[in-house]
Colleague: 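Below you'll find the structure I mean.
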Amino acid sequence: MDFCSIASGSSGNCIFVGTDHTGVLIDAGISGKKVVAGLQSIDRRPEEIDAIFITHEHSDHIRGLGVLARKYGIPVYSTAGTRRAMLGQKTLGKVDESLFFELKADERFCIRDLCVEPFRVSHDAAEPVAYRFFQGDKSVAVATDLGYYDEYIVDHLKDLDAVLVESNHDTHMLQVGAYPYYLKQRILGKRGHLSNEHAGQLLGEILNDKIKAVMLGHLSRENNYEALAMATVCAEITMGENPFKAEDFQIQIAGREEPSPLIAI
Ligand SMILES: [Zn+2]
Ligand SMILES: [Zn+2]
């Protein structure tokens with residue numbers, strides 16, 4: 001199974017997961033052109049994409065969706081709540097509604113040799129989910145846009161071979177930063193985003209001996225920077241009550257604009 005972050009951050013999100021026979025995207029929050037260029041960088045073409053899985057309707061997750069769905073006729077999958085919220089938005093432009101299919105959290109769905117299981121996350125959107133993919137005994141997950149994590153989330157992120165976890169903000173930078181009060185409260189709240197500390201603590205609970213790649217994603221442009229996210233997450237892993245040290249793992253930042261290398265697991 002292959003895994004690549006094409007773009008990740010509050011400015012736009014798009015992740016590729018594929019096998020030799022199947023290719024899918026998680027979110028399409030950057031322009032159609034950038035998605036195509038990102039796919040090109042890993043030797044894939046948009047015509048080979050079998051589905052786009054949408055986590056939720058915020059524009060940083062669907063900005064390029066209308067163009068991609070229209071131009072390539074790619075089926076779009078999401079929860080019923082997200083589907084409704086997306087189709088009610090101008091961002092999408094004119095799309096063929098019959099390309100939009102519904103999924104349910106905790107119900108597995110397969111396209112050829114690639115299976116996906118959506119799971120609920122707490123975020124200020126209609127019916128947001130994160131996704132975990134399976135092929136044979138391998139699995140990868142993408143978990144961004146979550147205000148907090150609990151046992152349910154941890155359970156869905158156990159025994160992974162690769163993961164992209166949100167490391168959105170440094171709590172202190174956010175608190176003293178320029179954002180208006182209501183926005184700070186929104187981001188810090190239970191339906192907001194995961195801080196660097198919480199990302200590190202979550203990783204402390206889900207890391208395992210076979211995990212091959214750990215990516216930190218959805219970094220805030222205003223309230224975080226890469227070195228700080230990395231240092232905080234690594235400190236949390238190493239100090240936490242788990243048998244691991246951060247240096248036991250390949251941890252990398254999923255770039256805002258640049259696609260990551262293709263990770264084969
Ligand atoms: Zn969001
Ligand atoms: Zn987002």
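Below, each value reflects all heavy atoms present in this structure, side chains not excepted, and no hydrogens, waters or symmetry copies. When a ligand or atom number is given, it counts from 1 through the structure's own listing order.
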Colleague: So, Tyr131 versus Asp27: side-chain donor-acceptor pair below 3.5 Å or not?
Modeller: no

Colleague: Nearest 0.5 Å please: distance from the CZ atom of Arg221 over to the CZ atom of Arg256.
Modeller: 5.0 Å

Colleague: Determine whether His56 and Asp124 satisfy the following criterion, side-chain hydrogen bond (donor to acceptor under 3.5 Å, both in side chains), listing intermediate values before the conclusion.
Modeller: CA-CA 9 Å; His56 64 295; Asp124 58 347; over 6 Å; no

Colleague: Taking the inter-plane angle between the rings of Phe53 and Phe133 on a 0 to 90° scale, is it parallel (under 30°), tilted (30 to 60°) or perpendicular (over 60°)?
Modeller: perpendicular

Colleague: Looking only at N, O or S atoms in His123, which is nearest to the Zn ion (ligand 1)?
Modeller: NE2

Colleague: For Val36, which residues count as a side chain to side chain contact (heavy atoms under 4.5 Å, CB included) partner, sequence neighbours excluded?
Modeller: Pro46, Tyr72

Colleague: Assess the side chains of His198 and Asn168: does a donor N or O sit below 3.5 Å from an acceptor N or O?
Modeller: no

Colleague: Taking only protein atoms, how many N, O or S atoms are found under 2.8 Å from the Zn ion (ligand 2)?
Modeller: 4

